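Just below is one structure, and these are the notes that go with it.
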Amino acid sequence: MNFSTDTQASVIAILPEILMTILAVAVLVYDVIWPEERRVQLGYLAGFGLMSIAGVVWLIGVPPAGGLQEQLLLGGMVRHDDMAQIFRVMVILAGALSCLLAMGVLKLRARGDFYAVLIVAVIGASLMSAAADLIMIFLALETTSITLYLLAGYLRDDDRSTEAGLKYFLFGAFTSAFTLYGLSLVYGLTGQTNIYELGKTLATNGLPDPPVVIALGLVAVGFGFKISAVPFHFWTPDVYEGAPTPITALLSSASKAAAVGLLLRFLLAVFPPPELLGALEGVKDYSAFWVQLAAVLSVVSMSLGNVLALVQSNIKRLLAYSTIAHAGYILIGVAAISTDCSGDGAAAVAFYMFMYVLTNILAFGVVILFANATGSEQISDLAGLSRRNPWLALAMTIALLSLAGIPPAAGFIGKFLLFRAAVNANLVWLALVGIVNVIIGLYYYLVVVKVMYMERSEDEDKPIPVGTPYSWALGISVAGVLLFGTILVTPLLDWATDAAHALYVLL
Amino acid sequence: MEASEVSIELYVLLSAILFIMGTMGVLLRRNAILIFMSVELMLNAANLALAAFARQWGNGDGHVMVFFVMTVAAAEVAVGLALIVAIFRTKKSIDIDDLHLFRG
């Protein structure tokens, strides 16, 4: 295949990464030239810088018209399509809001190096959304991972942070070695590194099943780690609890969203369902393997995540197990993308991730404020929050309702779309397991709401102040969660559907 | 092609053996540095496979990937050792069984 060499299109395809690199350098420069007391503003520079880059992606980064050939740019390294765009906006927004959240953490807020590393993590996540070549996939995955190891262990004097960093690092390096070995087998089976080309070769050259399935399984380990699906979830609660909370927010949103975007693209391109390769002869179908794998991982992730969340007393750990359960819901959508090639499944996953990113940032933002004011992350200490700061309690309630899937929060529509996609793909049983899990999940989310509103505490007369950066971060996420759950459903869903259609163009 | 050429199967077999050795090392060792060395062994097993496949297919893509993997591994070493040092400062131990601040 000849890749497009259009210079302008190539630059636009990686414009967000170029701008973010400039922003990271700018943050470092201002870290040096600004006086100590002004460095607190670095978070605004990084946060609003990233937000404008998200706007640039949305407005200027229109993918080239035409088919696969026009969209595969830079020697086939990236595919600039709507799917890449929607996930990029998501991860960059998550990075921006995390920067604003970091401004509330005393040891982090005046450190330019911290924001610079955070921006590099977002660059990796953004590249993951667009990567279309084995080399780029590996590099983007590692760019995100290595920076996040650093960020998780950033508070060097804090035992819990360094321990979280080391655990995350050891698990991450171990699983990424599996992914790399899987990618090397995929290359060995086809002799190509562009995922769209090698997908066609893999489907038509009549290989025996075992090596292909082994390669798929090895690659799945790395993805399972990134989205914290059971049984690759062991790191999640410890790292979420120990890492600085803005980084926990980033881990649960940007890193996960980018991995989901890459997973959709990788599975559909490398192991495509045969109807997408209609014009080719002698196509072999490997998609059944990953549909089964995703369905099984989905069931165990949802069930284990929800059941273990029931017994947590620390709010960050509770949200960590809820993240594992949500990885299960997302995998329902992943299992549904192959049977039903209309694109509804992929659109549902993209929509769900968008709302999930905003919701998680919101929840962790409230946790930071609360932990700063009280020094505690225990759920029982949330008692009386509605009297100490009613707005904060309301924001947390909206986040929890969205995670639980109750209207008008966006989580309801997201879950509805996922389950509908599963039903359309003849996976009714999977949708039913999902619904049972949503009901289990309701319990522990509502317990937190009950503690905030019904229980009294001795500290009720001590209000919790909300600083300016937090007003921005929480305001934007609340607005997003509510608007995308009500009046803005249609525009976002239309965008996600366009994106999903692009994903199914493999020829 | 020379007559005494080693076949691709042997290279892949060797890389699989190295990969499994690395995996066992990660699972059985308790010292963070040794675990980390085992991870490096796994990465190098993948490198060997990539180089062998690149020769088999007669294109350079595999070699390019090997170079990137080596770069990434170096970056990973820098971050990993820094984290291990940070842990050692507070705990005076790098045994992963001593990492137990979190429960539940």
Side-chain angles (χ1 to χ4, degrees), chain A residues 133-136 138-139 141-143 145-147 149-150 152-153 155-185 187-194 211 218 237-242 308 311-314 317 321, chain B residues 8 11-12 15-16 19 22-23 26-27 32 35-36 38-54 56-59 61-62 64-69 71-73 75-80 82-91 94 96 98-104:
Chain A
D133 190 286
L134 297 184
I135 297 173
M136 188 49 99
F138 180 71
L139 267 184
L141 271 172
E142 289 298 307
T143 309
S145 302
I146 294 178
T147 42
Y149 306 150
L150 263 184
L155 303 172
R156 268 183 310 174
D157 310 326
D158 180 351
D159 282 2
R160 286 150 38 101
S161 174
T162 45
E163 186 172 322
L166 188 65
K167 274 189 178 163
Y168 189 43
F169 167 72
L170 289 177
F171 269 110
F174 185 47
T175 50
S176 73
F178 277 95
T179 307
L180 177 66
Y181 203 74
L183 295 181
S184 80
L185 286 184
Y187 168 67
L189 293 171
T190 58
Q192 280 153 333
T193 54
N194 187 279
L218 288 170
D238 290 359
V239 174
Y240 276 35
E241 191 186 340
L308 289 177
V311 296
Q312 298 306 319
S313 58
N314 178 303
R317 280 187 96 80
Y321 282 107
Chain B
I8 178 86
Y11 282 112
V12 177
S15 92
F19 187 79
T23 314
V26 173
L27 296 176
I35 291 176
F36 187 40
S38 306
V39 170
E40 292 294 306
L41 189 60
M42 293 166 76
L43 291 178
N44 282 318
N47 275 348
L48 178 63
L50 280 169
F53 288 136
Q56 172 77 5
W57 289 104
N59 65 22
D61 295 348
V64 174
M65 196 145 166
V66 170
F67 276 111
F68 278 112
V69 174
T71 324
V72 164
E76 221 164 44
V77 171
V79 171
L83 284 168
I84 292 174
V85 169
I87 280 280
F88 184 75
R89 281 212 180 119
T90 51
K91 287 195 195 299
I94 49 168
I96 56 160
D98 292 337
L99 301 181
H100 46 55
L101 283 179
F102 306 111
R103 281 276 171 259

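So that the names make sense, note that chain A is the first sequence line, chain B the second, and so on, each numbered from 1. The structure presented is a predicted model; accordingly, all values stated were derived computationally and were not measured.
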Between the main-chain N or O of Gly188(A) and the side-chain N or O of Trp57(B), is there a donor-acceptor pair closer than 3.5 Å? yes
Below 4.5 Å, heavy-atom pairs only: which of Ile84(B), Thr90(B), Val69(B) has the largest tally toward chain A? Val69(B)
Roughly how far apart are Leu166(A) CG and Ile87(B) CD1, rounded to 0.5 Å? 5.0 Å
Minimum side-chain heavy-atom gap Leu134(A)-Met65(B) below 4.5 Å: yes
Answer yes or no: is there a side-chain heavy-atom contact under 4.5 Å between Thr23(B) and Phe174(A)? yes
Interatomic distance, CG@Leu170(A) vs CG@Leu83(B), rounded to 0.5 Å, equals 8.5 Å
Measure distances from Leu185(A) to the heavy atoms of chain B and classify the residue's part below 4.5 Å as side chain, backbone, both or neither. both
Quick one, Asn59(B) and Tyr187(A) - any side-chain contact, counting heavy atoms below 4.5 Å? yes
Leu43(B) vs Leu180(A) side-chain heavy atoms within contact, under 4.5 Å: yes
So, the part of Thr71(B) with a heavy atom under 4.5 Å from chain A: the answer is neither
If you count heavy-atom pairs under 4.5 Å between each of Gly80(B), Ala49(B), Ala32(B) and chain A, which one has the most? Gly80(B)
What are the two closest heavy atoms between Tyr181(A) and Ser15(B), and how far apart are they? OH-OG, 2.6 Å
Side chains of Phe178(A) and Met42(B): does their closest heavy-atom pair fall under 4.5 Å? yes
Partner chain A: residue of Ala86(B), Gly62(B), Ala75(B), Gly22(B) with the largest heavy-atom pair count (under 4.5 Å): Gly62(B)
Taking side chain as everything from C-beta outward and backbone as N, CA, C, O, which of these in Ala16(B) sits under 4.5 Å from a heavy atom of chain A? Side chain, backbone, both or neither. both
Partner chain A: residue of Ala78(B), Ala54(B), Ala82(B) with the largest heavy-atom pair count (under 4.5 Å): Ala54(B)
Side chain from CB out, backbone as N, CA, C, O: work out which of these in Leu50(B) comes under 4.5 Å of a heavy atom of chain A, or both, or neither. both
Contact check, side chains of Phe68(B) and Glu142(A), non-hydrogen atoms, under 4.5 Å: no
Here the salt bridge (charged side-chain N to carboxylate O under 4.0 Å, His left out) pairs for residues 163-177 of chain A, sequence neighbours left out, are Glu163(A)-Lys167(A), Glu163(A)-Lys91(B), Lys167(A)-Asp238(A)
Nearest-0.5 Å distance that lies between atom CG in Asp61(B) and atom CG in Asn194(A): 9.5 Å
Under 4.5 Å from any heavy atom of chain B - which part of Thr190(A): backbone
With a 4.5 angstrom heavy-atom cut-off, which part of Phe138(A) approaches chain B: side chain, backbone, both or neither? side chain
